[in-house]
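Notes follow the structure.
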Amino acid sequence: MTRQYSRITGTGSYLPPRRLTNADLVAELAAQGVETSDDWIVERTGIRARHFADPGVSCSDLGVLAAQKALEAAGLSAQDIDLIIVATSTPDMVFPSAACILQNKLGANGCPAFDVQAVCSGFVYALTVADAMIRTGTATKALVIGAEVFSRILDFTDRTTCVLFGDGAGAVVLEASDTPGILASDLHADGKHVGILCVPGQVSGGVVQGHALLKMDGQAVFKLAVGVLEDAARATLAKAGKTQDDIDWLVPHQANIRIMQGTAKRLKLPLDKVIVTVDQHGNTSAASIPLALDVGVRSGKIKKGDTLMLEGVGGGFTWGAVLLNL
Ligand code: ACO
């Protein structure tokens with residue numbers, strides 16, 4: 001029997017052990033002649049530290065460890081899973097997908113597995129796809145994972161971008177349910193903004209053509225981000241017949257504390273209702289929302305039954321939000 005709803009039954013996350021404070025990164029960059037400072041990074045972004053994966057550690061390596069923790073929290077084993085979606089922009093290979101590689105590492109062989117590429121909005125896209133597949137009976141127990149090794153695509157000679165990002169993974173188990181977990185979602189993309197945040201390279205003839213490192217017009221991203229995040233949150237609330245007063249926790253993409261403060265202000269949400277991990281993780285792109293969610297749950301802030309607004313914005317330009325009862 002197809003159940004009407006989907007609900008998160010477990011969360012997990014994983015950060016690679018190599019942690020660089022701003023002071024560590026400032027020193028490493030200074031050795032290469034790139035000048036920045038802890039003060040600049042903290043004041044403009046709120047970031048104080050980030051984690052970087054060691055060479056040879058891939059997206060699926062981080063993702064599988066987060067997935068195992070989410071399975072444990074849900075009381076399930078890998079064999080119970082009948083759908084795996086990985087949101088990432090830094091997969092292990094051109095193909096196959098990070099989801100297929102992760103599936104094999106997890107031992108969940110046989111179930112459908114694929115990647116979703118929507119950059120920093122990837123997790124809200126993936127969660128919405130998994131919710132739709134559960135509602136139509138295509139899946140009953142899904143793993144939805146955001147995993148990134150953004151350090152691999154950073155230009156460490158460009159101080160305007162390399163101080164912003166980190167590596168990590170977060171995961172949720174989403175199960176079919178008779179009671180509503182996911183209440184509504186709202187997704188968007190506008191490809192006319194491709195150039196403001198991109199890695200404009202491709203593999204062709206066995207070599208990388210173009211520039212295979214991240215480029216960003218930070219101010220253009222900033223201006224767009226706050227407005228679209230408010231719009232997506234309001235549209236999601238309207239679809240669910242709720243108001244911002246119903247939100248217990250905002251779990252936003254962790255790009256920059258100023259974007260998060262701006263969004264909370266527009267939604268008239270006090271900052272103590274916002275889960276903040278950007279200070280310790282930096283921007284982990286598609287991993288940042290499930291990482292923040294897991295930190296919120298395991299710290300005891302987010303409790304079962306709470307109403308959460310998840311929202312993301314990123315390259316594409318893509319943006320979206322998911323409202324859910326935990
Ligand atoms: N250290 C020291 N100085 C720096 C650094 C740095 N790391 N980076 C830039 N500067 C300098 C610039 O060169 C510039 O100097 P100038 O005035 O002499 O030319 C000065 O700082 C100001 O630069 P701006 O780009 O104007 O700084 P701004 O206040 O806009 O902050 C930032 C830059 C943090 C990127 C901001 O635009 C921002 O937050 N944008 C949002 C983008 C974002 O968060 N992207 C993440 C990925 S997208 C996503 O996840 C949604």
Quiz item: Yes or no on side chain to side chain contact (heavy atoms under 4.5 Å, CB included) for L250 and K273, after CA distance, side-chain angles and deciding distance?
Solution: CA-CA 6 Å; L250 181 66; K273 283 193 167 191; 5.8 Å; no
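- For the pair E28/V26, no side-chain contact is recorded, criterion being any heavy-atom separation below 4.5 Å from C-beta on.
- A donor-acceptor pair is defined here as one N or O able to donate and one able to accept, closer than 3.5 Å; no such pair exists between the side chain of Q244 and the backbone of L269.
- Interatomic distance, K242 NZ to L323 CG, rounded to the nearest 0.5 Å: 7.5 Å.
- Under a cut-off of 6.0 angstrom, the local environment of CD in Q32 is crowded, with over 12 non-hydrogen atoms contributed by other residues, nucleotides or ligands.
- Within a 6.0 Å sphere centred on CD of Q209, heavy atoms belonging to other residues, nucleotides or ligands number more than 12.
- Looking only at distances, a side-chain donor or acceptor of T136 sits under 3.5 Å from a matching main-chain atom of A132.
- Defined by atom type and a distance below 3.5 Å, a donor-acceptor pair is present between the side-chain atoms of Q79 and S77.
- For D155, there are no salt bridge (Lys or Arg N to Asp or Glu O under 4.0 Å) partners, not counting sequence neighbours.
- If you check the side chains of T45 and N256, you find no donor sitting under 3.5 Å from an acceptor.
- A parallel orientation is assigned to the rings of H188 and W319, their planes being inclined by less than 30° (bins at 30° and 60°).
- S60 and K105 form a side-chain donor-acceptor contact under 3.5 Å, judged by distance and modelled atom types alone.
- Counting only distance, with no hydrogens or angles, the side chain of D82 and the backbone of T140 share a donor-acceptor pair below 3.5 Å.
- A donor-acceptor contact under 3.5 angstrom links the side chains of T160 and D158, judged on distance only.
- Contacts classified as side-chain hydrogen bond (donor to acceptor under 3.5 Å, both in side chains) and involving residues 257-272 (residues at least two apart or in different chains) are given here: E230-R266.
- At a threshold of 4.5 Å between non-hydrogen side-chain atoms, the residues L76 and V173 count as touching.
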Solution key, residues 142-152 side-chain donor-acceptor pairs under 3.5 Å, sequence neighbours excluded:
{"residue": "E148", "atom": "OE1", "partner": "T88", "partner atom": "OG1", "Å": "3.1"}
{"residue": "E148", "atom": "OE1", "partner": "S89", "partner atom": "N", "Å": "3.1"}
{"residue": "E148", "atom": "OE1", "partner": "T90", "partner atom": "N", "Å": "3.2"}
{"residue": "E148", "atom": "OE1", "partner": "T90", "partner atom": "OG1", "Å": "2.6"}
{"residue": "E148", "atom": "OE2", "partner": "S89", "partner atom": "N", "Å": "3.3"}
{"residue": "E148", "atom": "OE2", "partner": "S285", "partner atom": "OG", "Å": "3.3"}
{"residue": "E148", "atom": "OE2", "partner": "A286", "partner atom": "N", "Å": "3.2"}
{"residue": "S151", "atom": "OG", "partner": "D167", "partner atom": "OD1", "Å": "3.3"}
{"residue": "S151", "atom": "OG", "partner": "D167", "partner atom": "OD2", "Å": "2.6"}
{"residue": "R152", "atom": "NH1", "partner": "V57", "partner atom": "O", "Å": "2.9"}
{"residue": "R152", "atom": "NH2", "partner": "D54", "partner atom": "O", "Å": "2.9"}
{"residue": "R152", "atom": "NH2", "partner": "V57", "partner atom": "O", "Å": "2.8"}

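- Here the side chain of D231 pairs no donor or acceptor atom with the backbone of V228 at under 3.5 angstrom.
- In the displayed structure, K301 atom NZ is contacted under 6.0 Å by at most 12 heavy atoms of other residues, nucleotides or ligands.
- Put simply, the side chain of D279 does not reach to within 4.5 Å of the side chain of I257, judged on heavy atoms.
- The CD1 atom of I302 lies 9.5 Å from the CG atom of D248; values are rounded to the nearest 0.5 Å.
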Practice problem: Quick one: do V116 and F114 satisfy side chain to side chain contact (heavy atoms under 4.5 Å, CB included)? Show the steps, please. | Solution: CA-CA 7 Å; V116 162; F114 58 92; 4.1 Å; yes
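- Between the side chains of S6 and D131, at least one donor N or O lies within less than 3.5 Å of an accepting N or O.
- Annotation: the span from L62 atom CG to Y14 atom OH amounts to 7.0 Å, rounded to 0.5 Å.
- In this structure the side chain of I196 reaches within 4.5 angstrom of the side chain of F317, judged on heavy atoms.
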Quiz item: Should V129 and I85 be marked as a side chain to side chain contact (heavy atoms under 4.5 Å, CB included) after you check the CA-CA gap, both sets of side-chain angles, and the distance that decides it?
Solution: CA-CA 9 Å; V129 172; I85 307 180; 3.9 Å; yes
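- Proximity of V124 to D186: side-chain heavy atoms (C-beta onward) are nowhere separated by under 4.5 Å.
- Interatomic distance, I247 CD1 to T236 OG1, rounded to the nearest 0.5 Å: 9.0 Å.
- Two different hydrophobic clusters hold L229 and L310 under the rule that ILVMFWY side chains link at heavy-atom gaps under 4.5 Å.
- A donor atom on one side chain and an acceptor atom on the other are not found under 3.5 Å apart for R50 and Q280.
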Run the side-chain donor-acceptor check on residues 211-224: report pairs under 3.5 Å with partners two or more places apart or on a different chain.
{"residue": "H211", "atom": "NE2", "partner": "L213", "partner atom": "O", "Å": "3.4"}
{"residue": "D217", "atom": "OD1", "partner": "Q219", "partner atom": "N", "Å": "3.4"}
{"residue": "D217", "atom": "OD1", "partner": "A220", "partner atom": "N", "Å": "3.2"}

Quiz item: Yes or no on side chain to side chain contact (heavy atoms under 4.5 Å, CB included) for L308 and L293, after CA distance, side-chain angles and deciding distance?
Solution: CA-CA 9 Å; L308 313 181; L293 175 61; 3.5 Å; yes
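- With sequence neighbours left out, D306 forms a salt bridge (Lys or Arg N to Asp or Glu O under 4.0 Å) with no residue at all.
- Counting only heavy atoms from C-beta outward, the side chains of I182 and Y5 never approach each other to under 4.5 Å.
- In this structure, the side chains of V251 and M309 stay at 4.5 Å or more apart for every pair of heavy atoms.
- To the nearest 0.5 angstrom, N325 atom CG is 8.5 Å from T179 atom OG1.
- The side-chain heavy atoms of S288 and T277, taken from C-beta on, include no pair separated by under 4.5 Å.
- Taking CD of Q254 as the start and OG1 of T284 as the end, the distance is 8.0 Å to the nearest 0.5 Å.
- Applying the salt bridge (Lys or Arg N to Asp or Glu O under 4.0 Å) test to D294 and every residue at least two apart in sequence or in another chain returns R298.
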